[in-house]
Amino acid sequence: MSLQYPSIIERNDTVQKKGHTQKYQPYFLKNYQKMPQIKRLSAQQRFDIEVVARVLPFRTNNYVVDELIDWDHFETDPIYILNFPQKNMLKPQHYETIANLLRSGTSDAEILPVANKIREELDPHPAGQLTKNRPELNGEVLKGVQHKYRETMLFFPSQGQTCHAFCTFCFRWPQFTGIADYKFAMSEIEPVIEYIRQHSDISDVLFTGGDPLFMKTKVLAGYIEALLEADLPNLKTIRIGSKALAYWPYRFTTDDDADDLMMLFRKIVQSGKHLAIMAHFNHHRELETTEVKRAINRILKTGAQIRTQSPVMKNINDDPKVWATMWQRQVEMGLVPYYMFIARNTGAQHYFSISLERAWKIFREAYQTVSGIARTVRGPVMSCYPGKVQVLGVDEIAGEKVYMLRSIQNRNPDNVLRPFFAKYDPEAVWYDQLVPAFGEDKFFVED
Ligand SMILES: *Cc1c(COP(=O)(O)O)cnc(C)c1O
Ligand code: SF4
């Protein structure tokens, strides 16, 4: 009897169709009417896009539109909702303000300041992103670096501050609006290297954005080779946060510089550093195309590991079955489930948010149905001002109904994994709505 290996992942590195390059066709407000599926959208749905996309950035592409969205049921399709602006993503008064301007034929130039004012009301920088966690080197602020947790430094390369498509829930949405004040990035790596040298506790550098894999390989390689050549003994792990596997897997297969990217990955691994691709998947559907399987296969062959994360969101993945299926499939494909987040308090949060209790129940139900191999995932987690706060559950202690919480990450390492308690509130969707339980006047995790 011969043993059949599963065909889900072809263990073959030469999957490139010779000479074939998939052409990247982005769609945004100016040209989305050109996509082949446009006739499916009613006049009202198109108008909603026109209105909402004035405030929240809109971008998708031919892979998402042709391969991921189920156009027979697009109105409830999670990937459609993930990319296409929906009327209720704006609050009614904001929607009406922009809608009225459009109806009366107001020019783009006149709409822009109104849209910018609404953006300001959407809390563009939650958790003190612009003012907190900004490190200095010799008295100068490093504009594209965040350093909140001792071991891990975030780097925002300037050329990586956009994505192959935009998630409608994105908490980094202000970066894509073209407003210079919101930008958070730098293109010089030398000060970053010096900073890592001076902070010997830093073991991880996380390239983030936007999507750093939107950058050409040449540009990314410039940064990474400098890091490797600097020969920093404390630097153990290079992480790259990316949604390219879900939004443009050709980045790893048929793009002109896909092979160079694989070579760069190999080079990192061969230098002795751990390379972790922090992949962003919101739904198991994003793992089902032939192209994403090829892409994952190629990445794993370089020796890199892929860890996965996503927020839990109404209208997209607020269903334990979706999560269990997603984690299970990820494990089958060689990926490591890492974080389930709670939707951040910015942008269209009201459209996506679910209560903390419900997020915990979804996590728990999904977790119960997968084996320990998939239980590497931690959640549900709020990435908020004091750190990464995990909701451990709801319980009654000494006659008081409470949320049990703990910090998985905290500015102060001593606060990590010490349980704390908040009053139970069935409506609470975010940390700042929580009140300490048992008559305490503050959460110690903020110290
Ligand atoms: C999530 C996060 C990290 C990484 O945390 P890990 O738990 O190590 O994955 C680092 N810095 C900031 C600001 C973060 O939000
Ligand atoms: S891929 Fe990431 S950074 Fe880009 S829009 Fe989506 S969540 Fe935001």
Side-chain angles (χ1 to χ4, degrees), residues 26 28 56-61 64 79 81-83 85 125-130 132-135 145-157 160-177 184-185 201-215 236-248 251 274 276-283 286 305 307-311 313 316 336-344 346-348 352 376-379 381-390 406-411 413 416-417:
F28 22 74
L56 299 172
F58 166 43
R59 178 190 187 114
T60 186
N61 67 55
V64 175
I79 314 295
I81 295 170
L82 184 60
N83 269 195
H125 287 291
Q129 272 188 74
L130 266 197
K132 300 282 179 337
N133 323 316
R134 303 197 69 182
V145 170
Q146 265 185 41
H147 188 197
K148 182 170 177 180
Y149 310 130
R150 195 172 54 192
E151 291 78 16
T152 303
M153 193 205 86
L154 271 47
F155 175 51
F156 297 72
Q161 300 314 309
T162 189
C163 311
H164 294 93
F166 291 154
C167 309
T168 41
F169 66 81
C170 181
F171 73 92
R172 299 231 195 267
W173 63 272
Q175 298 249 14
F176 313 134
T177 56
F184 190 89
D201 287 327
I202 296 178
S203 59
D204 291 35
V205 171
L206 168 56
F207 283 74
T208 183
D211 191 333
L213 294 182
F214 191 88
M215 289 190 278
K236 311 286 184 206
T237 297
I238 294 178
R239 308 193 206 179
I240 303 175
S242 175
K243 184 138 177 125
L245 277 167
Y247 281 164
W248 193 252
R251 179 70 188 90
H274 174 52
I277 307 300
M278 311 305 288
H280 175 183
F281 290 107
N282 304 119
H283 198 282
E286 295 166 324
Q305 288 189 7
R307 287 166 219 271
T308 64
Q309 56 194 40
S310 166
M313 289 162 300
I316 292 183
V336 184
Y338 190 67
Y339 271 133
M340 175 205 265
F341 291 119
I342 292 172
R344 285 205 191 203
T346 180
F352 295 109
T376 48
V377 66
R378 279 89 38 82
V381 164
M382 289 176 277
S383 198
C384 51
Y385 172 73
K388 284 194 161 63
V389 174
Q390 181 180 24
R406 68 177 182 183
S407 288
I408 294 185
Q409 288 283 9
N410 194 280
R411 286 162 201 284
V416 170
L417 291 203

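These figures come from a predicted structure and were not determined experimentally. What you see below is based on every heavy atom in this structure, not just the backbone, and it leaves out hydrogens, waters and symmetry mates. One-based numbering, in listed order, for ligands and for the atoms of each.
Among protein heavy atoms, atom 11 (N) of ligand 1 sits closest to Leu154 CD1, 3.2 Å. Annotation: atom 1 (C) of ligand 1 to nearest protein heavy atom, Lys388 NZ, 1.4 Å. For atom 12 (C) of ligand 1, the closest non-hydrogen atom on the protein side is Tyr149 CE1, 3.5 Å. Remark: minimum distance from atom 7 (O) of ligand 1 to any protein heavy atom is reached at Tyr339 OH, 2.6 Å.
Taking the six-membered ring where tryptophan is involved, the planes of Trp248 and His164 are essentially parallel, since the angle between them stays under 30° and well short of 60°.
Counting heavy atoms closer than 4.0 Å to ligand 2, residue Cys167 contributes atoms from both its backbone and its side chain. The part of Gln146 lying near ligand 1 is the side chain, judged by heavy-atom distances below 4.0 Å.
The CG atom of Asn410 sits 10.5 Å away from the CG atom of Leu417 when rounded to the nearest 0.5 Å. Rounding to the nearest 0.5 angstrom, the gap separating the OH atom in Tyr247 from the CZ atom in Phe214 is 13.5 Å. Distance check: Phe352 CZ to Phe169 CZ gives 7.5 Å after rounding to the nearest 0.5 Å.
Within the 4.0 Å heavy-atom shell around ligand 1 one finds Arg239.
Ligand 1 places these atoms under 4.0 Å from at least one heavy atom of Gln409: 5 (O), 6 (P), 7 (O), 8 (O). Short contacts between ligand 2 and Gly210, defined as distances under 4.0 Å to a heavy atom of the residue, involve ligand atoms 3 (S). The atoms of ligand 1 that sit less than 4.0 Å from any heavy atom of Tyr338 are 6 (P), 7 (O), 8 (O), 9 (O). Interface of Ser383 with ligand 1, defined as ligand atoms under 4.0 Å from a residue heavy atom, comprises 15 (O).
With respect to the salt-bridge test (charged N to carboxylate O, under 4.0 angstrom), the residues Asp211 and Lys243 do not qualify.
Because the distance cut-off is set at 2.8 Å, Cys170 qualifies as a neighbour of atom 8 (Fe) of ligand 2 through one of its N, O or S atoms.
The backbone N or O of Gln146 sits nowhere less than 3.5 Å from a side-chain atom of Arg134 that would complete a donor-acceptor pair.
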What's the verdict on side chain to side chain donor-acceptor pair (under 3.5 Å) for Gln309 and Arg307, showing C-alpha distance, side-chain angles and the deciding distance?
CA-CA 7 Å; Gln309 56 194 40; Arg307 287 166 219 271; over 6 Å; no
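Taking the side chain as every heavy atom from C-beta outward, Asn282 and Pro311 approach each other to under 4.5 Å.
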